[in-house]
Structures are given as structure tokens and as C-alpha cells.
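Here is the structure we will look at, set down as C-alpha cells.
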Amino acid sequence: MREGFLLDPDVAYFNHGGYGACPREVFDEYQRWQRELERQPTELLSRRFGESLHAARAALAAFVGASVDDVVFAPNATSALNAVIRSLRIRPEEEILTTKHEYGAILRTLGFIRANVVLVEPEELIANIGIRTRAVVVSHITSPTALVLPVEDVCAAARRAGVLSIVDGAHVPGHIPLDVEAVGADVYAGNCHKWLSAPKGSGFLWARPEHQDWIEPLVISWGYHEDAGFAERHGWQGTRDPSAYLTVPKAIEVHGTLGLEKAARLADEAERRLSPLGLKPLRGVRAPFMRALVVRRGNALELARRLYDEHRVEVPVFDWEDTTLMRVSIGPYSDEADLERLVDAVRDTLTR
Ligand SMILES: Cc1ncc(COP(=O)(O)O)c(C=O)c1O
């Protein structure tokens, strides 16, 4: 399986959750689109853009359980959520309710709009929805802690209270089954370049029809006019390379052949093997292919640096709240030998 990817064979790679990794077949398709663009820029960008992008959106929509008109591509989940959060026009008396487990860049975006942000534990979200709550922002799979949150319940509670629900699903497509309409959110953002193994720069924004009008694109361009719908307003954002978006159908097709059940077994095995070294899992519903483990000792940056420099093991280690966490992602290419290297490297780094 490893030969099917372009990753450096010398590195035991445990950061698929960071930036994903493309199977060769998917990367070939990506480059085919790039060559096509270079060979006939006007044909692709002026004449075939709408139709090509629509076909890619239709494949994505079918994969995530959406209607094609409700989903638009974005370069990444950060951009998609920026468009939503920056369109909120929040008032000083309003609050945004969110969790302590959110991705830092999204918390910074909430800071940018000067929102009053209320940070709680995921299980406290519903009880904290109040009269000042304008929106609930919640990850479907959390970034630092790799937990699957019960977003369906949170969205249902928000809806009952008349509060907007915004779900950050950056880690979801290709990781756990996604039926975006069944989640019950008002707005959902995701990435294809993480667990779906699409080229980097392929994210999306989904919004219920009644919320599509107020969400401004980050870049105003030709698609922005009175009669334009959601897809048109967000579709053209100036001249750029759409190849990553156009490759998403291929990524969906290849993803279906990757046999990811074994990745979940290997993730369980990683937890089991790292536990005697003092790395303990967090409580909660753990994501199938990505596990955050509490590291008892050591400076996070130094630990990650030594694992990489001395052992060529790429795994994120970082401080979160008052603990140090190691986030182990199992990719479709990860195998027992990689795991052995991780365990040996952690043992050596923690005991020396
Ligand atoms: C929960 C969550 N949201 C958003 C993002 C941002 O993703 P991107 O950098 O692709 O925009 C990440 C990235 O890891 C994430 O984990």
C-alpha cells in the first residue's frame, strides 16, 4: 500500500490528519487536470469551468449526502468557515458558544470578528445555549483531541432554541460516514484533502438553502450579482487553479478501494502498544483512524523534534489545555512496521 502513495519511504508518517496524503492514482489525475489547464487555459477556465466544476460538486454532494445546489468548493475548511463567521455581523450583546476542543485558527477567526466567545466542554454545550447565544460552533471530529462529538444532538438543541449551528467537519469526509443533511446543522464545512486523500486545497462549504443568502464569499468576483445563487457566488473567485476540486471525484473513487478497516484496527493497536509507555487515551468517542494520547512527560516541541530528527517518525506532539498530547493518525498506507517504529521511537525518546 505504501508504494501507492508518494510519501517519503524513510519517514514513518503519523500525521495524515494534518494534511492528508494523495494516492498516486489521485495525484496523477490532479496533474492531468493541471496539464489540461496549462494546455488550454481559456477552454478550461472560460468555456468548461462551470460544467467541470458542477460535475465535481455533484460527486462530492452524493458522497456527503447533500443536494448539489447546497454545496460549494472552498480551498479548505478554514476558508469555508471564515466565509461563514465573517458574514455573521455579530452584535456586541451576542455570544458564540463553542468548545475548548476547537481548531485554533477557527477560534482566532471568532476573535477576529470580536465575538464574545463562550468556551465549554463538549458535554456542556447544550446546557449553555442561552438567550445571548447567536451561534454554536462545534467540531464533528475535534482537532487536538481526535474525538467524535454528538453534533446531531447539539444541532437539534440549537434548532429548538432558534440558534444557528455551524459544524466544523474538517476531519470527517472519508473518516466517518457523513450524511450532511442528517447532521441537522445550518452550516457544515469539510475538507477533502485530509481523510478523503484528495489533493491539498480541496474543502467545501454546505449550507441549508435558508442560510445561503447571507454567507458572503471571501472573495467577491464575477459570480457576485443579484440573480446569482449560492454556487455561482462562491464558484468563481478570480483566476486560480481548480485542479484540486476537479480531482475530488477521482479521490472518492480511489478512497472506496483503500480498505480502511485495517487503519481502525491499527489505531486500536497503537493505543494498546503505547499505553505501557505511559501514553493514555482520552475519554470520549475516539475517531476511528486518529487518536490523541496524553503524554506524561516532556516538552512537546522537543519531543516531536526528537521523534523526527532522531527516528524519522512524523507525529504531532503539542500542548493542549494543561496537558501534552500526541496525535497519532493512521493513514491508508500505515502498517505494523510503521507502528513498531513509532513505539520504539517513543520508548527511546521518553526514557533517554
Ligand atoms: C477541526 C479542524 N478544523 C479546521 C481545520 C483547518 O483545516 P484547513 O487547514 O484544511 O483549513 C483543521 C485542520 O487540521 C481542523 O482539524
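Since the structure is predicted, the reported quantities are computational estimates derived from the model, not experimental observations. Whatever order the structure lists ligands and atoms in, that order sets their numbers, starting from 1.
Protein heavy atom in closest approach to atom 16 (O) of ligand 1: H171 NE2, 2.8 Å. Nearest protein heavy-atom contact of atom 9 (O) of ligand 1 is T78 OG1, 3.7 Å. Looking only at heavy atoms of the protein, atom 14 (O) of ligand 1 is closest to K194 NZ, 2.6 Å.
Salt bridge R24/E3: absent, no basic N to carboxylate O contact under 4.0 Å. The existence of a salt bridge linking D268 and R291 is confirmed by a sub-4.0 Å separation between a basic side-chain nitrogen and an acidic carboxylate oxygen. Look at R134 and E94 and you find a salt bridge, because one of the NZ, NE, NH1 or NH2 atoms lies within 4.0 Å of a carboxylate O, short of that distance. Comment: R35 does not engage E38 in a salt bridge, judged by the lack of any side-chain N to carboxylate O separation of less than 4.0 angstrom.
Ligand-side atoms of ligand 1 in range of N76: 8 (P), 10 (O), 11 (O), range being under 4.0 angstrom from any heavy atom. Numbered from 1 in the order shown, with element, the atoms of ligand 1 that lie under 4.0 Å from a heavy atom of N191 read 7 (O), 8 (P), 10 (O). Every atom of ligand 1 is numbered from 1 in the order shown, and the set under 4.0 Å from a heavy atom of A170 is 2 (C), 3 (N), 4 (C), 5 (C), 12 (C), 15 (C). Those atoms of ligand 1 with a heavy atom of S143 less than 4.0 angstrom away are 1 (C), 15 (C), 16 (O).
Residues D348 and H311 have side chains that bring a donor and an acceptor to within less than 3.5 angstrom of each other.
Taking distance alone, with nitrogen or oxygen atoms compared against 3.5 Å, T142 stays at or beyond that limit from ligand 1. Inclusion of D168 in the set of residues having an N or O under 3.5 Å from an N or O of ligand 1 is warranted. Residue S79 places no N or O, backbone or side chain, under 3.5 Å from any N or O of ligand 1.
Within the structure, ligand 1 has H193 among the residues with a heavy atom less than 4.0 angstrom away. Within the structure, the closest approach of S139 to ligand 1 falls below 4.0 Å when heavy atoms are considered. The shortest heavy-atom distance from K200 to ligand 1 is not under 4.0 Å. Heavy-atom distances between G203 and ligand 1 stay at or above 4.0 Å for every pair.
In the hydrophobic clustering, where aliphatic and aromatic side chains (Ile, Leu, Val, Met, Phe, Trp, Tyr) are joined below 4.5 Å either directly or transitively, L6 groups with F27, Y30.
More than 12 heavy atoms of other residues, nucleotides or ligands shown are found within 6.0 angstrom of CZ on R305.
Under the 30°/60° scheme for interplanar angles, the aromatic rings of Y188 and F204 are found to lie parallel. Classification of the W195-H175 ring pair by plane angle, with boundaries at 30° and 60°, yields tilted.
By the salt bridge (charged side-chain N to carboxylate O under 4.0 Å, His left out) test, R159 is found to be paired with D186, residues two or more places apart in sequence or in another chain being considered.
If you look at E102 next to ligand 1, there are no close heavy atoms at all, none under 4.0 Å.
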